[in-house]
Engineer: 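Here you go, one structure.
This structure is a prediction, so every number in the text was calculated from the model and none was measured. Note that the numbering runs from 1 along the sequence shown for the chain.
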Amino acid sequence: LAGVITPDVIKGVQRFLAPLWPGGTLTLVRREEAPDVPGTVRSTFRIKKGANSLLIDYGRNAEGKIAVLGFSPDRDWE
């Protein structure tokens, strides 16, 4: 991911998260092995502030490097 995460991407993510963070609540909603990235545990967090919320997928591989990073609309969990 290091080649994809440029300063412009970081600025875009900061603008995207601005309505939620800082000041929002970050909650772990799921943790599991990432089936598409061997050796990686994927954690899914919900970030919520007021009526705004989204899910963040995050995972590090066996070398400690970020292997999973993504954002998606919030949804209910079983």
Side-chain angles (χ1 to χ4, degrees):
L1 285 177
V4 177
I5 301 176
T6 64
D8 286 339
V9 169
I10 292 170
K11 288 177 186 175
V13 170
Q14 289 171 333
R15 283 191 302 274
F16 181 70
L17 291 176
L20 300 164
W21 197 262
T25 302
L26 187 67
T27 305
L28 176 67
V29 294
R30 186 177 201 160
R31 181 168 283 150
E32 64 184 354
E33 290 289 325
D36 51 336
V37 187
T40 300
V41 175
R42 176 185 313 203
S43 299
T44 302
F45 297 91
R46 175 179 289 116
I47 186 168
K48 181 174 177 67
K49 184 176 180 182
N52 298 317
S53 62
L54 62 88
L55 297 173
I56 301 171
D57 283 328
Y58 172 84
R60 289 183 183 223
N61 62 21
E63 291 81 39
K65 296 186 179 195
I66 298 172
V68 176
L69 182 62
F71 303 92
S72 61
D74 196 1
R75 63 181 176 89
D76 290 331
W77 289 89
E78 299 89 31

Engineer: For residues 59-66, which side-chain donor-acceptor pairs fall under 3.5 Å, sequence neighbours excluded?
Structural biologist:
from : atom 1 : to  : atom 2 : distance (Å)
R60  : NE     : Y58 : OH     : 2.5
R60  : NH1    : G64 : O      : 3.2
R60  : NH2    : Y58 : OH     : 3.1
N61  : OD1    : E63 : N      : 3.0
N61  : OD1    : G64 : N      : 3.1
N61  : OD1    : K65 : N      : 3.0
N61  : ND2    : E63 : OE1    : 3.4

Engineer: Give, for atom OG of S72 and atom CG of L54, the distance between the pair rounded to the nearest 0.5 Å.
Structural biologist: 7.5 Å
Engineer: Grab the two heavy atoms, one from K49 and one from P19, that are nearest each other, plus how far apart they are.
Structural biologist: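 Smallest heavy-atom distance, with atoms named: CD-O, 3.4 Å.
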Engineer: Can T6 and V9 be said to form a side chain to side chain contact (heavy atoms under 4.5 Å, CB included), step by step?
Structural biologist: CA-CA 5 Å; T6 64; V9 169; 3.3 Å; yes
Engineer: Step by step, work out the side chain to side chain contact (heavy atoms under 4.5 Å, CB included) result for V41 and E33.
Structural biologist: CA-CA 4 Å; V41 175; E33 290 289 325; 3.6 Å; yes
Engineer: To the nearest 0.5 Å, how far apart are CD1 in I56 and CG in L20?
Structural biologist: 8.0 Å
Engineer: Out of curiosity, L69 CG to R42 CZ, how far, rounded to the nearest 0.5 Å?
Structural biologist: 11.0 Å
Engineer: So which atom in L28 and which in S43 form the shortest heavy-atom distance, rounded to 0.1 Å?
Structural biologist: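 Taking L28 first and S43 second, the nearest heavy atoms are CD1-CB, 3.9 Å.
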Engineer: Among pairs that include at least one residue of residues 11-34, which meet ring-ring contact (aromatic ring centres under 6.0 Å, His included), considering only residues two or more places apart or in two chains?
Structural biologist: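 Every pair satisfying ring-ring contact (aromatic ring centres under 6.0 Å, His included) with a residue in residues 11-34: F16-F71.
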Engineer: Taking atom CG of N52 and atom CG of L17, what is their separation to the nearest 0.5 Å?
Structural biologist: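 Result: 11.5 Å between the selected atoms.
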Engineer: Say you draw a straight line from CG of D57 to OG1 of T44; how long is it, rounded to the nearest 0.5 Å?
Structural biologist: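 D57 CG to T44 OG1: 3.5 Å, rounded to 0.5 Å.
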Engineer: Any idea which heavy atoms bring T40 and V68 closest together, and the distance?
Structural biologist: CG2-CG2, 4.1 Å
Engineer: Can you name the closest pair of heavy atoms from R75 and R46 and give their distance?
Structural biologist: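 The answer is O-NH2, 2.9 Å.
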